[in-house]
Each structure stands twice: as structure tokens, then as C-alpha cells.
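What you are looking at is a predicted structure, and each value in this text was computed from that prediction instead of being measured.
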Amino acid sequence: MPLEESVLVIGAGVAGLSTAVTLAETGTPVRIRTSEHPRATTSAAAGAMWGPALLQPADRVLGWVTTSYHRFVELAADPATGVHLEYGRMAARFDLGDQVPPEAELLPDLRRCRPDELPEGFVSGYRGTVPLIDMPRYLDHLTERFRAAGGELLHSPVSSLAEAAEEASVVVNCTGVGAHELIGDPGVRPVRGQQVVVRNPGIDEYFVEIGQGEEPVAVMPHGGHVVLGSTAVEHDWSRTAEGGTTDGILRRCARVDPLLSGAVVLEEKVGLRPGRDAVRVEVERFGGAKIVHNYGHGSCGVALSWGCATEAAELARG
Ligand SMILES: Cc1cc2nc3c(=O)[nH]c(=O)nc-3n(C[C@H](O)[C@H](O)[C@H](O)COP(=O)(O)OP(=O)(O)OC[C@H]3O[C@@H](n4cnc5c(N)ncnc54)[C@H](O)[C@@H]3O)c2cc1C
């Protein structure tokens, strides 16, 4: 049924839900169509941590992560959201030099690690408090907020932009790596990531490896469980967890924190980061419809989510 004066959002990952919540909570009628349940999306497989995003376009990315940081700090006041503030380390196997990314200045307690605070194999790093996000709970929180604001969520894949444009005059495309097929954007590529969820053996600080490698270590505690990561394999579309990859993640994480040796595995997860040379938040005209794109957030879609959602919602309303 055509939507009179309402917005159709395609996608119910963190980008789609944040945009839909932003629109619905300011009085715009919104329908979401998604191929997957929010808990089955790539967003649900993320660790996830708010952190600096070294993506393009750099000036807009800085604004988006800054907006998102403040939102996550507010959300952390209510544990039911799945957002919480945690102290921990971000470290690299190379010298990070003296320059910190500008968004790191947002962290009030950020300081350099002393050499004795770094695990074996790491040569520099920082300590500080950041928002950590327990993604399945957080996506539930966003879905509940969306529905409470009158939004409608349909499990219904969209086969083409033409189909979407027939349904609504304003469409927001938040399809993540699905944009490769839906709008035929050849610049969107999967960067496959596997994570392992284990019972928390007593870890109360996060640890995240900084760098561009294929096997970055990540240890993100969320109360009773810890999300361990990860891998980053370009152009791999497989969403099946691999046992050998899980073993490698467990081994690397236990080297960083021996408490993790023999940790009880609860779940293995795979997500496809929507890699792209630049994040795409912009308007395209398609027939008589306005299409607002909000995709291509790579490994930082959670950290960028509120900033991009705010801008995408303004473009949709504008
Ligand atoms: C292992 C791992 C760890 C990560 N850790 C972090 C982290 O710590 N911090 C961080 O900021 N980011 C992290 N990321 C990246 C982050 O998960 C992504 O950038 C983000 O989830 C992308 O969100 P999205 O909503 O754009 O895409 P998705 O979550 O993939 O959602 C896309 C949505 O579009 C729908 N869709 C697609 N095509 C169609 C169609 N044709 N019709 C209808 N619906 C469609 C899908 O069903 C889905 O609902 C991580 C990613 C991985 C894999």
C-alpha cells in the first residue's frame, strides 16, 4: 500500500533503526522493511564499541562520531538500553606516535599506557572510558522505541529501488552491505568478521587492537558475557561461522588476558561490515521519489549511527 507522507526505511540494522527512531520520535510516520530480524543483522554481530572512526569523508565523520558519542553517554544512564561505559585499553603492535585522533579528545580520562600495561606484542596504546554497546539488547531497545513512537516494522525484502519508490515518495536506504545488490553500488564490499561470545570469567575492562590487520583482537565485556574478536576478511560473503577461526580468536584473546583460557563458548557470530571508500549519506532522485542513502559505514557503523541518522532524517524531512 502506498505510504502517504510517510517515510520508508529499508533496513533494520543500527543505521536503519537509528534513522527510523529519529524520524518517528519527531512525528514522522515511518515504515521499516527489512530482509532480516534486527538480531540477525550484521549490527547484531558487532562487539561493539564507540571509538574513533578513520573513515572518509573525514570532516563529516568527525561530526557524526561526536554526535553519537554524546548520545551513547546519555543512553548509558539506563542499563536496559544495553549501552554502558567501560574503562580499558586500545593498543597497537606499532608505535602510534604522539597524535591522537581528534574524537579521542572527547574521552575525559584518556591517557597513554605505560609499557607495563601493554600485553606481549603490543608497543603503544591508550587507556580510557568509552561507551560499549551490547548489540542484541541495544537493537531490541531501538526496536521498542521505534514501535512505541508508532513505527511499523515489516519483515519484507525490497527487490529494487523502483519498488520502494512506488511505495513511498521518501525512502531511506540503510541496507549496509545489501546496497551492493539493491542499488548496484559496486563500491560496497563485504568485510567479513567473526566474533565469539563467551561466559564472562571475571573480565571488567575492554581491550581493543588498533590497526588494519585481518585478525584484530577485541575483548568487550557486557556483564555476564564477553564478546571476543575478531577477523576482517575483504570480499568474503560467507556468513557461516568457522570452527578454526573461533579457535584462533580464543587463542589470541587468551594471550591478551589469560583469564580467557578455557572460557566457555556461548555463541559464534558472523557479520559483513559494509566496506566502502567513503560513507554515503546523501540524496538521490529516483523517478518522482527522494532516496536518502545512509550506508557504507565499514567497521564503524555503531560509532557513526546517531550522527548519520540525524543527518539522514534531516535530508528525508527536508
Ligand atoms: C565482527 C564485527 C565487529 C564490529 N565491531 C564494531 C564496533 O565495535 N564498533 C562499530 O562502530 N562498528 C562495528 N562493526 C561494524 C558495524 O557492525 C557495521 O558498520 C554496522 O552494523 C552496519 O550497520 P547497517 O545498519 O548499515 O547494516 P546491517 O546491520 O547489515 O543492516 C542492514 C539491514 O538492511 C537489510 N537489507 C539489506 N538489503 C535489503 C533489501 N533488499 N530489502 C530489505 N532489507 C534489506 C538487512 O536485512 C538489515 O536489516 C563491527 C562489525 C563486525 C562484523
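Using a 4.5 Å heavy-atom cutoff, the side chains of Val197 and Val265 are not in contact. Side-chain contact between Arg111 and Glu117: present, with at least one pair of heavy atoms (C-beta onward) separated by less than 4.5 Å. In this structure, Val83 and His141 have side chains that are not in contact, with every pair of non-hydrogen atoms separated by 4.5 Å or more. By the 4.5 Å heavy-atom criterion applied to side chains, Val30 and Glu152 are not counted as neighbours. Looking at heavy atoms from C-beta onward, Phe286 lies out of side-chain contact with Val171 at the 4.5 angstrom threshold. Counting heavy atoms from C-beta outward, Val281 and Tyr295 have side chains that stay 4.5 Å or more apart. Side-chain contact between Ile32 and Phe146 is present, with heavy atoms from C-beta onward closer than 4.5 Å. Put simply, the side chain of Glu120 does not reach to within 4.5 Å of the side chain of Arg255, judged on heavy atoms.
Applying the ring-ring contact (aromatic ring centres under 6.0 Å, His included) criterion to Trp50, with sequence neighbours excluded, gives Tyr69. Contacts of Arg317 classified as salt bridge (Lys or Arg N to Asp or Glu O under 4.0 Å), with partners at least two apart in sequence or in another chain: none. Partners of Glu284 according to the side chain to side chain donor-acceptor pair (under 3.5 Å) rule, which considers only residues two or more places apart in sequence or in another chain, are His293. Applying the salt bridge (Lys or Arg N to Asp or Glu O under 4.0 Å) criterion to Glu144, with sequence neighbours excluded, gives no partner residue. Applying the side chain to side chain donor-acceptor pair (under 3.5 Å) rule to Glu267 yields no partners; only residues at least two apart in sequence or on another chain are considered. Scanning for side chain to side chain contact (heavy atoms under 4.5 Å, CB included) contacts around Ala45 gives Lys269, with sequence neighbours left out. The side chain to side chain contact (heavy atoms under 4.5 Å, CB included) search around Asp204 returns none, not counting sequence neighbours. In this structure Asp257 satisfies the salt bridge (Lys or Arg N to Asp or Glu O under 4.0 Å) test with no other residue, sequence neighbours excluded.
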### Task
List the steps and the verdict of side chain to side chain contact (heavy atoms under 4.5 Å, CB included) for Val188 and Val177.
CA-CA 6 Å; Val188 179; Val177 79; 4.1 Å; yes
### Query
When you look at Thr34 and Ile10, which way does the side chain to side chain contact (heavy atoms under 4.5 Å, CB included) test go after all the steps?
CA-CA 6 Å; Thr34 175; Ile10 313 175; over 6 Å; no
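There is a side-chain donor-acceptor pair under 3.5 Å between Ser156 and Arg33. There is a side-chain donor-acceptor pair under 3.5 Å between Thr246 and Glu268. Tyr126 and Arg112 are linked by a side-chain donor-acceptor pair at a separation below 3.5 angstrom, with hydrogens and angles left out of the test.
Val196 and Leu272 fall into different hydrophobic clusters, where Ile, Leu, Val, Met, Phe, Trp and Tyr are joined by side-chain heavy atoms under 4.5 Å apart, directly or via other members. Linking Ile, Leu, Val, Met, Phe, Trp and Tyr residues whenever their side-chain heavy atoms come within less than 4.5 Å leaves Val227 and Leu260 in two separate clusters. Linking ILVMFWY side-chain heavy atoms closer than 4.5 Å, directly or via other members, places Met135 and Ile249 in two distinct hydrophobic clusters. Under the 4.5 Å side-chain heavy-atom criterion for ILVMFWY residues, no single connected hydrophobic cluster contains both Leu250 and Val270. Cluster membership check: Leu23 shares its hydrophobic cluster with Leu304, using side-chain heavy-atom separations under 4.5 Å among Ile, Leu, Val, Met, Phe, Trp and Tyr.
Rounded to the nearest 0.5 Å, atoms CD (Gln194) and OG (Ser230) are 8.5 Å apart. To the nearest 0.5 angstrom, Asp95 atom CG is 5.0 Å from Ser124 atom OG. Atom OG1 of residue Thr66 and atom CD of residue Glu105 lie 11.0 Å apart, to the nearest 0.5 angstrom. Once rounded to the nearest 0.5 Å, the distance linking CZ of Arg89 with OH of Tyr206 reads 10.0 Å. In this structure, Leu8 CG and Ser169 OG are separated by 10.0 Å, a value rounded to the nearest 0.5 Å. Remark: Phe72 CZ to His84 NE2 distance equals 11.5 Å, nearest 0.5 Å.
Salt bridge Asp185/Arg276: present, at least one basic N to carboxylate O contact under 4.0 Å. The pair Glu282-Arg60 does not count as a salt bridge, with every side-chain nitrogen at least 4.0 angstrom from each carboxylate oxygen. A salt bridge links Arg189 and Glu234; the closest N-O separation between the charged side-chain nitrogens and carboxylate oxygens is under 4.0 Å. Under the 4.0 Å criterion applied to side-chain N and carboxylate O atoms, Arg127 and Glu205 are assigned as salt-bridge partners.
A donor-acceptor pair is defined here as one N or O able to donate and one able to accept, closer than 3.5 Å; such a pair exists between the side chain of Thr81 and the backbone of Leu75. Side chain of Thr129 to backbone of Leu85: no donor-acceptor contact under 3.5 angstrom is found. Within the 3.5 Å criterion, the main-chain N or O of Gly47 finds a donor-acceptor partner in the side chain of His222.
Legend: side chain to side chain donor-acceptor pair (under 3.5 Å) pairs involving residues 207-218, not counting sequence neighbours, sorted by first then second residue: Arg93-Glu209, Glu215-Arg252. Applying the salt bridge (charged side-chain N to carboxylate O under 4.0 Å, His left out) rule to pairs touching residues 295-308 yields nothing, sequence neighbours excluded. Screening residues 175-184 for side chain to side chain donor-acceptor pair (under 3.5 Å), with sequence neighbours left out, gives Asn173-Thr175. Residue pairs satisfying the side chain to side chain donor-acceptor pair (under 3.5 Å) criterion with at least one member in residues 37-47, sequence neighbours excluded, are listed as follows: Arg39-Asp140.
Between Phe122 and Phe94, the ring centre distance reaches or exceeds 6.0 Å.
For CG of Asp116, the number of neighbouring non-hydrogen atoms (other residues, nucleotides, ligands) closer than 6.0 Å is greater than 12.
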